A.B. asks: 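Dumping the structure here so I can ask a few things about it.
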Amino acid sequence: QGLAQELQSRKFQSLQQRARKLQESQQQKRQQVAAVAKEKTKKTSERDKRFKVIDMAIKKRGHSQDALIEILHKVQETFGFLDDEVLEYVTRQMKLPLSVVYGVATFYHIFSLKPQGEHNCVVCLGTACYVKGAGEILENLEKYLEIKSGETTPDGKMSLVTARCMGACGIAPALIV
């Protein structure tokens, strides 16, 4: 019976040692991942000074998720659009999941994940505008510009975009250039 207890005690000690080693290993991995992310953030911001503008906006509004839309506005104003690298940067700086940042960026039509043209042509496809011919206007613009909605002309001069509603139903169909 004494031998059985000693064996159990040794097994327990061995398991405790394994658990400590596993915890230490996991902690080291977390530190390595954090260091890589910090270095990537540093390299990104050193390479392009526009990231300093984003850092200041984040600092001014705090790292709160509530400020995300404002931050993304600032990013788009600074870079012209929201590409993957910039979204990842915002994710790291604000300590938010990429899914949250990407979800907001793709939910609102005001954000663009691709470079926009020098000019934007926005066609309202709300109910009132659609009933009064906005669909046909969009088709004609696509033919004339030789692009589809959401695209930019090859010369980078014009982007064709649609909106769900512009709030100008009284003058339907509405179009903004």
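Atoms considered below: every heavy atom in the structure, side chains included; atoms not considered: hydrogens, waters and symmetry mates. Remember, it's a predicted structure, so these values are computed and weren't measured experimentally.
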A.B. asks: Do Val161 and Gln116 have side-chain heavy atoms sitting under 4.5 Å apart?
C.D. replies: yes
A.B. asks: Which heavy atom of Cys124 sits nearest a heavy atom of Arg164, and at what distance?
C.D. replies: SG-O, 4.2 Å
A.B. asks: Grab the two heavy atoms, one from Lys157 and one from Thr153, that are nearest each other, plus how far apart they are.
C.D. replies: N-OG1, 3.3 Å
A.B. asks: I need the Cys169 SG to Lys132 NZ distance, nearest 0.5 Å.
C.D. replies: 9.5 Å
A.B. asks: In the single-linkage hydrophobic clustering (I, L, V, M, F, W, Y; side-chain heavy atoms under 4.5 Å), do Val90 and Ile110 co-cluster?
C.D. replies: yes
A.B. asks: Just how far is it from atom NZ of Lys148 to atom OG1 of Thr162, taken to the nearest 0.5 Å?
C.D. replies: 13.0 Å
A.B. asks: Would you say Leu125 ends up clustered with Phe111 if hydrophobic residues are merged whenever their side chains have heavy atoms under 4.5 Å apart, either directly or through other cluster members?
C.D. replies: no
A.B. asks: Apply side chain to side chain contact (heavy atoms under 4.5 Å, CB included) to residues Val101 and Ile71 and explain how you reach the verdict.
C.D. replies: CA-CA 10 Å; Val101 175; Ile71 299 301; over 6 Å; no
A.B. asks: With a 4.5 Å heavy-atom cut-off, do Leu68 and Met94 have their side chains touching?
C.D. replies: yes
A.B. asks: Rounded to the nearest 0.5 Å, what separates atom CG in Leu141 from atom CG in Leu175?
C.D. replies: 6.5 Å
A.B. asks: Could you tell me whether Tyr108 atom OH has more than 12 heavy atoms of other residues or ligands within 6.0 Å of it?
C.D. replies: no
A.B. asks: Taking all heavy atoms of Val177 and all of Met158, pick out the closest pair and write down the distance.
C.D. replies: CG1-CE, 4.2 Å
A.B. asks: Following the transitive rule for hydrophobic clusters with a side-chain heavy-atom cut-off under 4.5 Å over Ile, Leu, Val, Met, Phe, Trp and Tyr, establish whether Val75 and Tyr102 coincide in one cluster.
C.D. replies: yes
A.B. asks: I'd like to know whether CG of Asp84 has more than 12 heavy-atom contacts from other residues, nucleotides or ligands below 6.0 angstrom.
C.D. replies: no
A.B. asks: If hydrophobic clusters are built from ILVMFWY residues whose side chains come within less than 4.5 Å, do Met56 and Ile69 share one?
C.D. replies: no
A.B. asks: Which heavy atom of Ala174 sits nearest to which heavy atom of Ala168, and what is that distance?
C.D. replies: CB-CB, 4.3 Å
A.B. asks: Rounded to the nearest 0.5 Å, how far apart are CG of Asp83 and CG of Leu113?
C.D. replies: 9.0 Å
A.B. asks: Run Val100 and Gln65 through side chain to side chain contact (heavy atoms under 4.5 Å, CB included) and show every step you take.
C.D. replies: CA-CA 9 Å; Val100 170; Gln65 185 173 343; 3.4 Å; yes
A.B. asks: How long is the gap from CD on Glu88 to CG on Leu98, to the nearest 0.5 Å?
C.D. replies: 6.0 Å
A.B. asks: If every non-hydrogen atom of Val123 is compared with every non-hydrogen atom of Ala134, which pair is closest and at what distance?
C.D. replies: CG1-O, 4.0 Å
A.B. asks: Linking I/L/V/M/F/W/Y whenever any side-chain heavy atoms sit under 4.5 Å apart, do Phe81 and Leu87 land together?
C.D. replies: no
A.B. asks: Under the criterion side chain to side chain contact (heavy atoms under 4.5 Å, CB included), I'd like the reasoning laid out for Ile176 against Met166: C-alpha separation, chi angles, the key distance, then a yes or no.
C.D. replies: CA-CA 9 Å; Ile176 298 174; Met166 291 183 183; 3.6 Å; yes
A.B. asks: How close do Leu72 and Ala105 get, heavy atom to heavy atom, and via which atoms?
C.D. replies: CD1-N, 4.1 Å
A.B. asks: Is the distance between the ring centroids of Phe79 and Phe51 less than 6.0 Å?
C.D. replies: yes
A.B. asks: Do Ile54 and Gln93 come close enough that some side-chain heavy atom pair is under 4.5 Å?
C.D. replies: no
A.B. asks: State the CD-CG distance between Gln27 and Leu22, to the nearest 0.5 angstrom.
C.D. replies: 12.0 Å
A.B. asks: If only side-chain N and O atoms count, and only distance matters, is there a donor-acceptor pair under 3.5 Å linking Asp55 with Tyr89?
C.D. replies: yes
A.B. asks: Judged by atom type as modelled, is there a donor-acceptor pair below 3.5 Å linking the side chain of Thr152 to the main-chain atoms of Ser159?
C.D. replies: no
A.B. asks: Looking at Lys74 and Glu77, does any basic side-chain N land under 4.0 Å from a carboxylate oxygen?
C.D. replies: yes
